[in-house]
Amino acid sequence: MAVLLILPFVAIYGLVFIYPTIKMFILSFTDAPLIGAGDWVGLENYERLPRDRRFHTALWNTFYFVALTVIPGTLVALVISLGINRLKGRLQSLVLALFFLPYILPVSVVYLIWDWTLNFQFGIAMHLFDWAGADRIPVFKSTAWFMPAVGFVTIWWTAGFSILLFLAGRRAIPEEIYEAASLDNSGSWSTFSRVTWPLMWPVTALVSTIQLILQLKIFDQVYLFSQGGRPNDNLVLVYYVFQRAFQSNQGGRAAAVAVVLFVIVIVVSVLNFQLTRLSGGRRK
Amino acid sequence: MAGISINGVSKSFGSVKVIDDLSLEIGSGELVVFLGPSGSGKSTLLRMIAGLESIDKGTLLIDGTRSEHLAPGQRGVAMVFQNYALYPHMTVRQNMAFGLRNIGLDSRIIEERVRNAAQILEMSELLDRRPAQLSGGQRQRVAIGRAIVKEPKAFLFDEPLSNLDAALRVRTRVELAELHQRMRATMIYVTHDQTEAMTLADRIVVLNNRKIEQIGTPMEVYLRPKSRFVAGFVGSPGMNFMRAEVDTSGEAVARLGNGAELPLDLDVPGSGSYELGIRPEGVRVVSSGGGTPTAQAKAGVVERLGERTLIYCTLDDGTELIAQDGSQSAIAPGDKLDLDFDASAIHLFDQVGQAYHAR
Amino acid sequence: MAGISINGVSKSFGSVKVIDDLSLEIGSGELVVFLGPSGSGKSTLLRMIAGLESIDKGTLLIDGTRSEHLAPGQRGVAMVFQNYALYPHMTVRQNMAFGLRNIGLDSRIIEERVRNAAQILEMSELLDRRPAQLSGGQRQRVAIGRAIVKEPKAFLFDEPLSNLDAALRVRTRVELAELHQRMRATMIYVTHDQTEAMTLADRIVVLNNRKIEQIGTPMEVYLRPKSRFVAGFVGSPGMNFMRAEVDTSGEAVARLGNGAELPLDLDVPGSGSYELGIRPEGVRVVSSGGGTPTAQAKAGVVERLGERTLIYCTLDDGTELIAQDGSQSAIAPGDKLDLDFDASAIHLFDQVGQAYHAR
Amino acid sequence: MNPTRIHRINMAGLAITLITVIAAVLWAFPLYWGVVSSLKPEDEVVRPYVELWPQTLTFSHYVHALTQTQIGIWYLNSVATAVGVTFVTVASSLFCGYAISQLEFPFRRALWWLILASFMVPIQTLIINHFELIAGMGLLNSWTGIILPQLIHPVVIIVYKQFFDNVPKDFREAAVMDNASEWRILTRIYIPMNWGVTTALSIVTFIWAWNSFLWPFLAVTKTEMMTITVGITQVSDAFGVYYARELSAAVLAGLPVALAYLVFQRKVTQAITLSAGIKG
Amino acid sequence: AASETVVWWDFLSGGDGVRMKQMIQDFNKEHEGQITIDATTLEWGVPFYSKVQTSAAVGEAPDIMTYHASRIPLAVEQGILTEVTSADWQQMGLGKNDYADATWDAVTIDGKQYAVPLDTHPVVLYYNKDILGKAGLLTENGVPKGMDSRDGFTATLQALKAAGVKYPLGSVTADGNFMFRTIYSLMGQQDGVLMSGDEFLAGDNAEKLQNALAVLQDWTNEGLQSTYTDYPATVALFTSGEAAMMINGVWEVPTMTDAHAKGKLFEWGAVELPVIFDHPSTYADSHTFAIPANKGKEMSKARHDAVLEVMSWISRNSLFWATAGHIPAYGPVTNSAEYKAMEPNATYSSLTANMIFDPKSPKAGIAGPIFDVMSSYFVPTLNGEMEPAKAVEEIKYELNDL
Ligand SMILES: Nc1ncnc2c1ncn2[C@@H]1O[C@H](COP(=O)(O)OP(=O)(O)OP(=O)(O)O)[C@@H](O)[C@H]1O
Ligand SMILES: Nc1ncnc2c1ncn2[C@@H]1O[C@H](COP(=O)(O)OP(=O)(O)OP(=O)(O)O)[C@@H](O)[C@H]1O
Ligand SMILES: [Mg+2]
Ligand SMILES: [Mg+2]
């Protein structure tokens, strides 16, 4: 019985998870093209990476993007969720819906909408710059603004998810705790900093962990927004894997980059897990 | 410690009136219990005193100060919540100190007060634990400790024992009673458990349906319930009720469904149909043959509680009632019984629920 | 209905022995209560009978059939769980029918049995509701109904009332007793609430620490506890205990800590140090001046339960005990009291916990 | 001790409420702007000033997208693959989660650890090998090929296991006492008792699958096999330099999910919190 | 015989996309019951060529596709194109003689042909006659003033600016890929080359590239050119009148012609790029048709025949393609009287003499490595973020590191 029940799952996992993972490692030691066999080249693909400018760009941009989205995204969602939490009834679900709506949109739609909104010539956001008397910023065309802009759009896109988690976390705090705090003469700030924030900490840790692991794997937005722009300045690791494998037809070199990302995500996950566990342990 | 005076307060949630023009005086150092069925407004009233619910109308004086517009923290009362509402991320010490920190008390004084309260409640060794590491009873004590350190004008309790298991509930109830005796603090205690009310209260306020049904000492409420509602609500097992025709033409008598006539030792306005109430301990099983029993009954379930035995029985006319017998009662289910009603334990209730008690 | 015979069964979880060589005969139609503190192995024993736990050693006969190796479903017993374990997604009817469907019973017969059981339990109108739409008491009845339809050889109950609130618990207890009287089915009932055990059982099996401490009727267990443990565990509030020096040189007497001497009306093997036990109803408050009281005490908390009053008091030598007084007791906290011990209510326990009772 | 204090708190509260509502409107504004722009003629769209409502309302871009492009087929592909991913993922995870939670079998712990570990593995890094694998099986440009690599959602199985773990043991035992077989316990007790979880996990998996971009983008080379997320950005066929047309395609792609969300808002909300292991 | 369906991919959008669709329709109509073209248009540039490459590698490529001549060396090296054999040429009824030498050469690698040329498409300067006329910046011939020198052209731009034109010149400054054409043209005007043997930007070629970049950056710095403008925006700026001139491919001609015909456009013109440096020179590339080498998939004879028929038919009928602005590759068409009478093609037909093409190398071509490297640095430079010297240094380093 048990075997029958786990069989479909194990079969799928074996086929699309375990087998490809092993193959990826093997591939990274060869000079194979995307499709077809290659020769064993040992560590050569890895040895090239430290000298590889694009790899540097991709690595830097990936971490930059993580820095731009994870903590700011978490905080934005936290603030919004606290705002929403104060609302009641229909207004609450309406406002929540407005904040959440972007999350369920496909990335392509998000791309088209923001590409339009921030269009350098015709985007409505540029009128804001004009009104403010500032120079327009070609956000997706300039290196300095690209990552922050994609980060901003990403936060806009995914905040709904985090907001929901924060709301659930906030609702899990019994109202009685707040009543106790008001009887304890606790003002708004002290209630937030001494009660709400510490009690929301586990959710905050969860949200930022989810974000962290997700954003390290960024590809879709960066790819779409760099279309027709300057992809080589905007490379992130997955994009670079894609570029090597699918544009330059260098499966082996791509796999080496993939392995690096693989290791980074696992190391970061483990570190993060330990960190939140430690800080959680301290607070518990 | 301080008295609390409630005058003509009302409260509605939306269009639903929950408290209607209610007035009440609570003396300094008194332990008053709000007793009533679920939904009767006990918690609402308590929370209005605490400031957690606004007061629509009427006045509230705490220690002589008009308080209905004060913020909860400024009324000088402390509250113990049903689920304790301990801050889960703070140690016991921090939980107790939080309220004092907020008013900027000197940390030496805080430390001192916390230590004292911990001593009173015998939990000095728990001070550095977090709520999750405490048992239910210990959390309960921390919640009380958090109230004590504030040296409040009054303590408010909202069903503080309902989350404890039966044995612990009994023990904590006694501890609370002791604490009150020691501190002589003004306390308001909300419960729907009549045993708790009976055993703890200086005075019981019986609430029902937005209004106060009766205010009195536990024994007043038990022995001289003001209404049919109070009579039925207080006491476990509850009072027995049956139809009775009262005849005041001669010596006042009540005629039961089975025809038996009971002489009445109470002032009743006139003849007519009444409800007769009598507690189980007023219904005694008499050995057959001795005199004329009031009623004949068939025993159903026999509950041997150890120190006494309750007999659930059915009169000939189908009325069900509970009789009490001694600890070593020989009665078995199915036995035919002779029952005698103690005349001094009889209560009558008229159509509107107004009570008449034995003189 | 059928008897159950347990012979020398043992059970370990890993290296922890939970039931040790235990034997027990349960007669057909009997309601036996397993009573004991938490962790004493009550549930484990019940589940061994049900087949939900394997039996390491020993034999189990249900209605004369060796059953220790049968699958749970094939032992012909039905179980009512503490949380009822009603399938939340099925209506009451489906819940009751599920077990019968699984053995492929004809749907007409199933319908018939469900209807009958519903009638017995007076819940015919609930059949199409789901558990979530039922009150706690109603769920309880459905759980029993689900057992009844299987027409089992025995009913097994594991603390079936522990999830109900106080008032409902009392009512349901009575209903269960009635049901048993009506059906005369073999029932095993697990509880750690001694009131339930007292009021429901034909016989009580007191379990402690892997072993049976006593088997007997409720009154045997209450009045003649076989051991110190049983004496302390049964009764609420519990028995009072105090040190006593017994002197059998002349008329047997027990000397208490305060020097008072109590004449003993029981067979005790010899002089020496014993523990004296007496229930609150054996400790009476006597009006000062009348005769020589056994002890002087100071009243602490006074609990007025309505039909009686419990006085938590402290003897001169610091011993704490509980005395009982009548409903309208005038005693107030802090009063000095004279207490008298009822000689026929005295129990003695020797060093190993062996009990000696009044003759 | 002044009686205005409560009043003042309410003023602050009102301000926060107002800010929140305004923020929400601004937040959703780009969506509105996208929709409005798609209803304007092309020459109105590029005017150098802001018009919050079209002067000439036109649906021509929608007509064009619906009639001149393959958007209908892309829909079909998206729905089919998303449903496929959802169904296979949820079903296989359900069975496996049940087995891990309730049954004893060899290597149970090892399997569980593997699943937990896979939670951390970035699936995106496997694209090369997925591509090779799917190409090798001749499944590029097929629904199966799009579906297969998207079936790794360890969250689903983890949530299932947690829920099955949390079903009180009593139910299982009651069913055993009721003579139910293992299969019946699963199908008659555990699955129906956890419909809520199944719905929630299905919703979440569906949203993920519907929105996935990278893999369908790689696995499909033929336009008639594209999913909508890929199609509207990769095929310039009809959209060309036309801003409003592009936006109308975006609106068409986003609208059904958006509407479904608005209708089932509560369910989706529950689903999300549940998938993160928070009991909302 | 059963009808053959030929799967066709192209990257032609906008005005020329519409023309090509028309031709396909005509073809299908004419070949009803025999051959049907099933056409798909993909995103131009990198996406198109990545897709083609991976598709061919896994046997999922189409039967026929459009291909840039500049990229053929790369494609041949990757082995994704099928040779067009002499038998094929014969069957199509086409041959070397039908094409200009440069064109034929562009599809020939090691003596073998890998594609059938369709057109040549240079970039040109579009201009708004209304605006320039009002500002007095048109010569009597109706062409912009100052087309003969850097200073002259800059002066024209400045005059436009002074006349209140927001963007005197519309440039696709957001897209390095696109700007390659303009910059390469400007290098050509100085006789600069990218590759000398295997070396990139050898000798003073680097300087020539820097000169080209500097001119464009100057225009940006002086506010004479639209910045960070992507392709569609550039077209929109020009057609809406916000930009007075625009450098773009000839393929935008139909967009203008159509709009003008509908009365939605000002008077406009298109001329050869201004001579900024020594002599006229204009970058051009060719659209060709190629047959992908689908790995593990042999094309049936019938299908192959159908594909040949498609290529042959389109070539013969490429006069219509000329209305898309391009210069057809098929000699008999360009030599026809009808073609010679066509406007505005005739206006800029002179520039064929000055056309330069990508270096013939597997590193060159649309979306090829050179393209990729250079375009990365064009955007920051053209928009004033990076110094031309710095950009050239980086480009040189990266190119030689390929
Ligand atoms: N915030 C609220 N909004 C609307 N109605 C409320 C609210 N709080 C209480 N009520 C209603 O007011 C009535 C009294 O409630 P309250 O909580 O005071 O009863 P209670 O006597 O404490 O009952 P319990 O014993 O169940 O705690 C109930 O009918 C309840 O439904
Ligand atoms: N599955 C198990 N694994 C290990 N130990 C167990 C298991 N089930 C019960 N025990 C242990 O066996 C002992 C008896 O447990 P059991 O549940 O029978 O007690 P109980 O008398 O029913 O207690 P309670 O009144 O709390 O229900 C306890 O010490 C318990 O910890
Ligand atoms: Mg309440
Ligand atoms: Mg148990």
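Chain naming here is simple, since letters A, B, ... match the order of the sequence lines and numbering starts at 1 in each.
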When rounded to the nearest 0.5 Å, the distance separating CD1 of D:Ile272 from CG of A:Leu167 is 12.5 Å

So CZ of A:Phe246 and CZ of D:Phe131: to nearest 0.5 Å the spacing works out to 5.0 Å

Scanning both residues in full, the closest heavy-atom pair of A:Ile104 with D:Val257 reads CD1-O, 3.5 Å

Item to check | D:Leu186/A:Leu5 under side-chain contact (heavy atoms from CB on, under 4.5 Å): CA gap, chis, key distance, verdict | outcome: CA-CA 11 Å; D:Leu186 171 60; A:Leu5 289 177; 3.9 Å; yes

d(D:Thr269 OG1, A:Ile163 CD1) to nearest 0.5 Å is 11.5 Å

When rounded to the nearest 0.5 Å, the distance separating CG of D:Leu26 from CG of A:Leu98 is 10.5 Å

To the nearest 0.5 Å, atom CG of D:Asn211 lies from atom CG of A:Leu105 at 7.5 Å

Heavy-atom nearest pair, D:Ser92 first then A:Pro8, reads CB-CB, 4.2 Å

Most heavy-atom pairs under 4.5 Å with chain D, out of A:Phe100, A:Tyr103, A:Phe242, belong to A:Phe100

Comparing D:Val251, D:Ile157, D:Ile134, D:Leu94 against chain A, the one with the most heavy-atom pairs below 4.5 Å turns out to be D:Ile157

Rounded to the nearest 0.5 Å, the CD1 atom of D:Ile128 sits from the NZ atom of A:Lys23 at a distance of 11.5 Å

Greatest number of non-hydrogen atom pairs under 4.5 angstrom with chain D, of A:Thr117, A:Val10, A:Val95, A:Val260, falls to A:Val95

Item checked: Pairwise side-chain contact, A:Asp115 with D:Glu246, heavy-atom cut-off 4.5 Å (strictly under) -> no

A:Tyr13 and D:Ser118: CA distance, side-chain angles, deciding distance, side-chain hydrogen bond (donor to acceptor under 3.5 Å, both in side chains) verdict = CA-CA 10 Å; A:Tyr13 245 50; D:Ser118 70; 2.6 Å; yes

Counting heavy-atom pairs under 4.5 angstrom with chain D, the leader among A:Phe161, A:Tyr19, A:Trp116, A:Trp114 is A:Trp116

From the list A:Leu101, A:Val238, A:Ile213, A:Ile80, the residue making the most non-hydrogen contacts under 4.5 Å with chain D is A:Leu101

One option among D:Glu104, D:Arg108, D:His130 has the most heavy-atom pairs under 4.5 Å with chain A, and it is D:His130

> Does the side chain of A:Phe17 come within less than 4.5 Å of D:Leu126's, by heavy atoms?
Replying inline: yes

Assert top hit (heavy-atom pairs under 4.5 Å, partner chain D, pool A:Leu216, A:Ile124, A:Leu7, A:Val241) equals A:Ile124

### Task
Please examine the side chains of D:Leu114 and A:Ile18, heavy atoms only from C-beta on, and report whether any two atoms are closer than 4.5 Å.
yes

D:Phe105 and A:Val3, any side-chain heavy atoms less than 4.5 Å apart:
no

For A:Leu15 and D:Met137, the nearest pair of non-hydrogen atoms, with its separation, is CD2-CE, 4.3 Å

Do the non-hydrogen side-chain atoms of A:Val109 and D:Ile232 ever get within less than 4.5 Å of each other?
yes

